[in-house]
Amino acid sequence: MRMSQLFVQTLREFPSDAEVISHKLLVRAGYIRKLANGIYNYLPLMWRVIKKVENIVREEMDRAGAQELLMPFVQPSELWQESGRWEVYGKELMRLKDRHSREMCLGPTHEEVITSIAREGIRSYKQLPVNLYQIQSKFRDEIRPRFGLLRGREFIMKDAYSFDASQEGLEKSYKIMWEAYTRIFERCGLETKAVQSDSGAIGGSISHEFMVLVNDKAENNAGENDVFYCSKCDYSANSNHAVSVLNSAETNGKFEKAQIIDTPDTGSIDELAKFLKVPSSVICKSLVYVIDGKYVVALIRGDRTIEETKLMNAFAGNEIRIARNDEIEEIMSASGFSAIPGFIGPKGLKNVEIIADETVRELKNFVIGINQTDKHLIGANWGIDVELPKKITDIRLVQEGDKCPCCNSDLKVTKGIEVGNIFQLGTKYSKAMNATFTDKDGQERPFIMGCYGIGITRTAAAAVERHHDEYGIIWPVSIAPYLVTVVPVSDIDEEQMNVATSIYNKLLEKGIEVLLDDRSERAGVKLKDADLIGIPYRITVGKLIKDNLVEFKIRANNETQTLTIDEAIEKICNIS
RNA sequence: CGGGAUGUAGCGCAGCUUGGUAGCGCACCUCGCUUGGGACGAGGGGGUCGCAGGUUCAAAUCCUGUCAUCCCGACCA
């Protein structure tokens with residue numbers, strides 16, 4: 001392709017509304033343009049990259065025995081009502097009505113549709129296992145789209161669904177996908193880590209997320225997930241799922257007797273610990289949440305943090321948020337109290353669920369809110385002064401330095417971009433939607449399902465996050481829009497243009513994806529653009545052409561070498 | 001949905017306090033000149049100042065409302 005013909009507009013400056021580097025670079029280098037919040041045009045260069053990623057995904061999915069199909073983007077509400085998700089999916093599901101007022105939605109994922117396909121098409125265990133996938137635009141009406149392609153509302157995703165006759169079969173399908181994913185991301189030039197994860201609204205039990213690890217501290221917060229991983233063994237998990245062995249902490253408040261004392265202006269754990277001159281680990285913290293509209297008081301040791309996903313899961317909830325002050329007032333007055341946040345405690349509360357993290361169990365002579373503003377109960381003990389909640393489970397956020405649940409070594413934390421995930425769904429959808437097959441013994445059984453997603457556009461953006469420098473993008477060869485760009489330094493130098501054109505034509509003949517920068521621009525503009533756009537290799541045709549020499553540049557390390565024309569061509573041919 | 005900010009030409013911004021013919025840089029078009037790291041000169045085109053009301057002789061500027069975008073939080077296969 002000649003640059004003079006290519007539809008691309010590079011910008012001299014970064015767009016002001018972009019925050020992360022992949023967003024900034026993709027806009028500035030002319031790959032994408034925003035159409036609406038979280039909705040982007042994929043311009044020709046971007047589309048080439050996307051197709052590269054898609055093809056790698058296709059090749060590996062096909063190799064793994066999956067079959068591609070395409071399901072509708074607009075789906076009828078009936079299927080979602082069957083699965084029960086019409087009610088629980090929330091506002092993220094883009095709902096609309098057709099002209100007959102039938103309720104429809106834009107597909108955020110396709111478990112319902114695929115289950116209906118399997119229900120109609122698979123009758124016998126002899127047809128199993130089956131793995132079907134598609135590559136398609138998805139729409140999720142995210143609360144806050146951001147980071148360009150990393151979190152758009154409309155995005156391209158590969159979603160695959162496996163059907164098996166048994167749990168063993170599912171585990172096998174799962175493992176095959178795991179291996180395929182590892183290869184896919186490797187081929188895209190991305191190192192990933194498969195981490196244990198919460199399975200969220202999709203349901204099911206075992207799931208892993210494939211994370212591109214980005215150890216960005218302040219510079220960049222493209223990695224939206226905190227990943228905990230063991231410094232010694234293979235354990236790693238998303239923070240919403242990670243578990244840990246606690247370091248020992250002081251859990252005895254050493255107060256001689258239980259009494260309610262004045263603790264003015266100690267609305268936070270820090271203030272309270274300071275006021276009482278005790279470590280925060282002898283305070284029992286009480287937080288009020290609203291889970292699916294119901295009030296929940298969660299107790300945790302003062303030095304630890306609640307992991308809200310775990311808390312929500314403890315109640316099999318779909319929606320969780322911290323209670324508003326007016327809701328706390330309502331709870332207080334319903335139980336005959338009038339305390340403000342910071343002084344709340346479980347004792348005497350009516351019409352609320354109480355749950356505790358395991359960390360509170362060993363507290364002795366501890367400090368706890370007693371539903372009186374500016375007062376706390378000190379020297380409290382479970383069973384004597386306050387009831388130990390019946391519901392006790394792990395609802396805490398792991399902290400760096402906690403010990404690994406597998407091998408007791410130190411856990412560390414890093415940021416990750418989730419580019420893919422795999423779920424063992426089990427029978428959640430097949431049961432709900434009555435999708436069954438006849439087993440060997442003649443019994444009707446629900447399919448054992450798995451689902452497997454890869455964010456295609458997010459993967460491309462993640463590649464930019466990982467591969468760029470101050471000058472622009474550095475595409476991995478496998479997903480670059482073009483492999484090489486031929487740049488004549490001066491378009492008015494006839495010899496340079498002739499040689500550049502001839503190199504271009506030779507490479508074209510060899511089937512190589514090559515650009516010729518034939519624009520009537522100064523050298524600086526063309527070279528800057530080549531770096532910004534991130535083409536892996538550059539052949540620059542300049543003054544040295546008098547000696548039959550050209551410059552060969554590798555974008556990845558910005559190294560250049562002087563080669564003869566034929567050497568340069570040969571080098572490119574060998575790479576491709 | 002809470003907190004904060006911003007909407008002026010394709011992009012980046014000034015002008016608003018103190019109302020009086022809408023500006024700058026880049027990009028774009030023409031001509032000249034230039035060609036190894038985002039040149040230069042001359043000329044030119046492009047904007048209902050987010051939108052709707054209001055105040056005023058007069059509104060980008062002041063007031064009210066509304067919409068959109070961005071950031072933080074909450075939330076999120």
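In what follows, every chain begins at residue 1, and chains take the letters A, B, ... in the order their sequences are listed.
Distances from the side chain of A:Leu11 to the nucleotides B:C11, B:G38, B:A39 place B:C11 closest. Residue A:Ser490 places its side chain closer to B:U35 than to any other of B:G38, B:C72, B:U35. Counting only heavy atoms from C-beta on, A:Ile143 has its side chain closest to B:C1 among B:G36, B:G38, B:C1. Side chain of A:Glu13, nearest nucleotide from B:G25, B:G36, B:A39: B:G25. Nearest nucleotide to the side chain of A:Val489, out of B:C76, B:U35, B:A27: B:U35. Looking at the side chain of A:Leu532, the nearest of the listed nucleotides B:C11, B:U69, B:G38 is B:G38. Here the side chain of A:Asp17 is nearest to one of B:U35, B:G38, B:C70, namely B:C70.
A:Trp47 has its ring centre no less than 6.0 Å from the ring centre of A:Phe7.
Using Watson-Crick or G-U wobble geometry with both donor-acceptor distances under 3.5 Å, B:A68 finds its partner in B:U6. The base-pairing partner of B:A58, taking Watson-Crick or G-U wobble contacts with both distances under 3.5 Å, does not exist among the strands shown.
Taking only side-chain nitrogens and oxygens, A:Lys543 comes nearer than 4.0 Å to OP1 or OP2 of B:G36. Checking the phosphate oxygens (OP1, OP2) of B:C11, no side-chain nitrogen or oxygen of A:Arg12 falls inside 4.0 Å. Under 4.0 angstrom from either OP1 or OP2 of B:G12 there lies at least one side-chain N or O belonging to A:Ser16. Contact annotation: A:Arg146 side-chain N/O to B:C72 OP1/OP2 distance is under 4.0 Å. A close approach under 4.0 Å does not occur between any side-chain nitrogen or oxygen of A:Asn37 and OP1 or OP2 of B:A68. For the pair A:Arg144 and B:C71, the criterion of a side-chain N or O lying under 4.0 Å from OP1 or OP2 is met.
Between the side chain of A:Arg28 and the base of B:C11, no donor-acceptor pair under 3.5 Å is found. At a cut-off of 3.5 angstrom, the base of B:G37 holds at least one donor-acceptor pair with the side chain of A:Arg538.
With both ends at atom C1', the span from B:G47 to B:G3 equals 33 Å, rounded to whole Å. Straight-line distance between the C1' atoms of B:U48 and B:C31: roughly 34 Å, to the nearest whole Å.
Counting non-hydrogen atoms of other residues, nucleotides and ligands closer than 6.0 Å to CD of A:Glu103 gives a total above 12.
For A:Lys571 and A:Phe552, the positive end sits near the middle of the six-membered ring, less than 6.0 Å away and at most 45° from its axis.
Residues A:Asn558 and A:Asp469 bring a donor and an acceptor atom of their side chains to less than 3.5 Å of each other.
To the nearest 0.5 Å, the span separating CG on A:Leu190 from OG1 on A:Thr182 amounts to 12.5 Å.
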